[in-house]
Amino acid sequence: MDIQGVLTTKVKEAVNSIFHIKLESVEFQPTRKDFEGDITVVIFPLLKVIKGNPQVIGEQIGDYLVENVEEINRFNVIKGFLNLVIDDSFYINFFNSIKSDESYGLLTPDPKSKAIMVEYSSPNTNKPLHLGHIRNNLLGYSVSEILKAAGRKVYKTQIINDRGIHICKSMVAYQKFGKGETPELAGIKGDKLVGNYYVKFDKTYKSEIETLVAEGIEKKEAEQSAPILLEAQEMLRKWEAGDEEVVSLWKTMNQWVYDGFETTYKNLGVDFDYLYYESNTYLLGKDVVAEGLKRGVFIQKDDGSVWCDLTDEGLDEKIVLRSDGTAVYMTQDIGTAIQRVKDHPDVGGMVYTVGNEQDYHFKVLFLILKKLGYDWADNLYHLSYGMVDLPSGKMKSREGTVVDADDLMLEMTQTAREISEELGKLEGYTKTEKKELHKMIGLGALKYYILKVDPKKRILFNPEESVDFAGNTGPFIQYTYARIQSILRKADFDYSTIISAEGYQLHQKEKELLKQVQLFPEVIQNAAENYSPAFIANYTYDLTKEFNSFYQSIPILGVEDNIQKIFRVQLSKKVGDVIALSFRFLGIEVPERM
RNA sequence: GGUCGCGUAGCUCAGCUGGAUAGAGCAUCUGCCUUCUAAGCAGACGGUCCCACGUUCGAAUCGUGGCGCGAUCACCA
C-alpha cells in the first residue's frame, strides 16, 4: 500500500534495467502544486552514478515506470525533477482501507516494550500556578498523549516541591498575619491564599531591610539578618527536626495548595498517574551517592563534600553532596529517578518537562546516572522549553507580575463567550451547554496558541493583545470540525457503502485532501520522535485548511451524483475524525456546534 | 569569558535528515452569505531567510568565523 516503498523498488529496477547500475537509495518529495503530478523523484543525486543529462535520464526512468507500475499514469520531467501522476484508484483504495479504522494513525503498544515516565508541572507549593506552568503542563500532557499514540506505554507524573525555605516563608507570614484565615473564610482558592502570604513575606522582608539600612547597617548584612528571614530559617530547622506545630501548619497549608492546584489542573484538563513528593524523596539520593563513592564514580574532597568529575565530558566537577552531608538538588533528582524505576520496574526511560534554564542541570543529571550504570539512563530526555515572558519582562510571583493560570483561563472563556454571542449560532443550546462550549473554545484558543510553537522557542505573551480566535488558531480548527459534524447531521442517508475505485474520478480537491489524510501516521511518529506537539498542531492546521478549501469549492450534500455525494461525506467524516484525534493529543476538545 | 538555544514578511510563526519560483496567520486592501455554519473561502500587498566565508550540480537548511537576543556556568531549588 505504501506508494513510496513500491516506487523505491521500481525506480531501482528501472535504473538497473536501463543503466545496469544498482542504486542505494531514491529521493522523493511531494510534487509542487505548480506542476502536474503527485510525487516527484529527484534525479540530481543519480547523476553521481549515472553520467548524462538529467532530462534524458528522467524521461527514461519515467517511461519505464509508466510501463511497469500500475499506479502510475503519466509523468513529466522538469529540470532534474521527475513528476509522477498517480492513478486515482490508488488514493481511493487507500481511503477504503482506512475509512472505518478508528485507530488510523495509532500504533498499539507492544506489551513487552518498556514504559516511559513523563514528568511535568512539578510546582512549588507556596504560590498559585501561572502562565509558565500552563506551558509546562500543556507540553507534558500533550507529549504523553503523543507518545501513547505512537505506541508507547506512558506514566504521567510530577514531583511536588513541598519542602524548603520557600514554603517556610509563606508559613511564617501566615503565622504573623493570618489570624486564623482559611480559604473557606476568605472565599478564595487555597493556593491563592498561601500565595498572598508569600507576597506578604516578601513585602515585610523588604521593608525590614530598608529599616535596617536606615539604621546604618550594610545592605548585604541587612538582607541576611532581617528578623522575618531568620524566623523562616528557624522554621525550616524545626520542620526538619519534626516539630509538631510546624509540621501540622505545613500539612494544613500544603493541603490548601493541593486543593487549589487540583481545581486548576481539572480546568486545564491535565492529570497525573503518580505523584512524588520532595519531602518523601529528598533523602533518597544520599545512599546512591555513598555507594557511588565506594565504586569510584564520585570523589570526596577534604572537607567531606562529594563531587562527580565530568571534566572528561567537557564539563566541570559537580557537587552531589554538601560538606555537612546534606542533599543538594542533584542528590534529590538522582534519588527520585532511581526510586521511580524501583516503584515501576517496567519503566525504561523518562521525559522531564522542565524549562530551558535547567539545561545544564539535566545534562549533568543524565551523565551521572549513566556513570552509575543504569541501563535506562540512555533513554532520558529533557523536554526543554523556552520561558514565557511578558512585555514587561520576566514573570515574578514575589512581585506580583504574573499571569495567573486561573484568571487567564477565565478570560479566554469570556472572550469566547463574547464572540459566540455576537455570532449567535447556538439556538437551542441550554445555558450549561453554552458555558461548556465557551470554555472549550477559550481553552482551545489558549492551548493551541501555546502548543503550535516549537517548544524550544521563547514565547512573548502580551496580555493586552488577546489570543486570536481567527486564522491559524484552535477555534478555527474547532469550527471546521463543527462544520463537518453539521454535514454529518444533515446526511440523512446511508453513506456506509464502499466506493469502488473503478470508474470514480477524483476531484482535485478530494485528491489533495486524501494526500493530507495520508500523512497522518507519519506525523504522529515524527511528533513522538521529536517530542513536539507543534508537529501535530501544524499538521492539523494544514489538514483543516485543505478541508475548508474543499468545502467552499465543491458541493458535498448538494452534488448531483450519488456516488460522489457518499464519497464526499465519508471523506468529510474521516477528516473530522483525524482532527478530533489530533486535538485529543493536544488536550483540546472539539465541539458538535459552534 | 566558556557552554547551550534562538535569529525567516510590519507582527506571530511553519519550513531546517540540502532540491524547483521560501510558505501560513494577523494587520492593510479587493471580491464572495436567497446552496452544506462567513470563527470561512478566493485574491492583492509584503522577504539582503542576521552577516561573511566555505562545502555542493544545488544552501533558509550543512561547516567555520562573527553579530544580536536569551539561558546557564551556586555546598539555591
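Letters A, B, ... mirror the listed sequences (proteins, then strands); counts begin at 1.
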Are B:G19 and A:F44 stacked, with the base six-membered ring and the side-chain ring centres under 5.5 Å apart and planes under 30°?
yes
Measure from the ring centre of A:F35 to the centre of the six-membered ring in the base of B:A20, then say whether that distance is under 5.5 Å and the planes meet at under 30°.
yes
Length of the line joining A:F567:CZ and B:C36:P, which is rounded to integer Å
23 Å
Does this structure show an ion pair linking A:R163 with A:E240, if we count only N-O contacts that are shorter than 4.0 Å?
yes
B:G5: pairing nucleotide in any strand, Watson-Crick or G-U under 3.5 angstrom
B:C69
For A:D542, answer base if it contacts any base atom (sugar-phosphate contacts may also be present), sugar-phosphate if it contacts only those atoms, and nothing otherwise; contact means non-hydrogen atoms under 4.0 Å.
nothing
Does B:U21 have OP1 or OP2 under 4.0 Å away from a side-chain N or O of A:K79?
yes
Just how far, in rounded Å, is P of B:A77 from CG of A:L236?
10 Å
Tell me: CG of A:L47 to P of B:A20, nearest whole Å?
16 Å
So A:P45, base contact, sugar-phosphate only, or nothing? Heavy-atom distance under 4.0 Å.
base
It should be established whether A:R568 places a side-chain nitrogen or oxygen under 4.0 Å from OP1 or OP2 of nucleotide B:C36.
no
Could you tell me the separation between the OH atom of A:Y385 and the C1' atom of B:C6, rounded to a whole number of Å?
17 Å
Using the six-membered ring wherever Trp is involved, compare the ring planes of A:F362 and A:Y352 and label them parallel, tilted or perpendicular (cut-offs 30° and 60°).
tilted
salt_bridge(A:E317, A:K301) N-O dist < 4.0 Å
yes
In whole angstroms, the gap separating C1' of B:A38 from CD of A:Q552 amounts to 7 Å
The Watson-Crick or G-U wobble partner of B:C29, with both key distances under 3.5 Å, is B:G43
Does B:C32 count as syn, meaning its glycosidic angle lies within 90° of 0, or as anti?
anti
Would you kindly give the CG-to-P distance between A:L367 and B:U3, to the nearest whole Å?
17 Å
Would A:F81 count as stacking on B:A20 if stacking means ring centres less than 5.5 angstrom apart and planes tilted under 30 degrees?
yes
Is any side-chain N or O of A:T40 under 3.5 Å from a base N or O of B:A20, one able to act as donor and the other as acceptor?
yes
B:G2 C1' sits how many Å from A:K363 NZ, rounded?
11 Å
For A:I319, which contact category applies under a 4.0 Å heavy-atom criterion: base, sugar-phosphate, or nothing?
base
Taking distance alone, no hydrogens or angles, what donor-acceptor pairs closer than 3.5 Å link side-chain atoms of residues 440-451 of chain A to residues at least two apart or in another chain?
unit_1 : atom_1 : unit_2 : atom_2 : d
A:K447 : NZ     : A:L268 : O      : 2.7
A:K447 : NZ     : A:G587 : O      : 2.6
A:Y448 : OH     : A:N472 : OD1    : 2.6
A:Y448 : OH     : A:A537 : O      : 3.3

Check for a donor-acceptor pair, side chain of A:R135 on one end and backbone N or O of A:G355 on the other, with a separation under 3.5 Å.
no
Between C1' on B:C26 and CZ on A:F476, what's the gap in Å once rounded to a whole number?
13 Å
Give a yes/no on whether any side-chain N or O of A:S486 is located under 4.0 angstrom from OP1 or OP2 of B:U37.
yes
So what does A:Y551 touch, heavy atoms closer than 4.0 Å: a base, only the sugar-phosphate, or nothing?
base
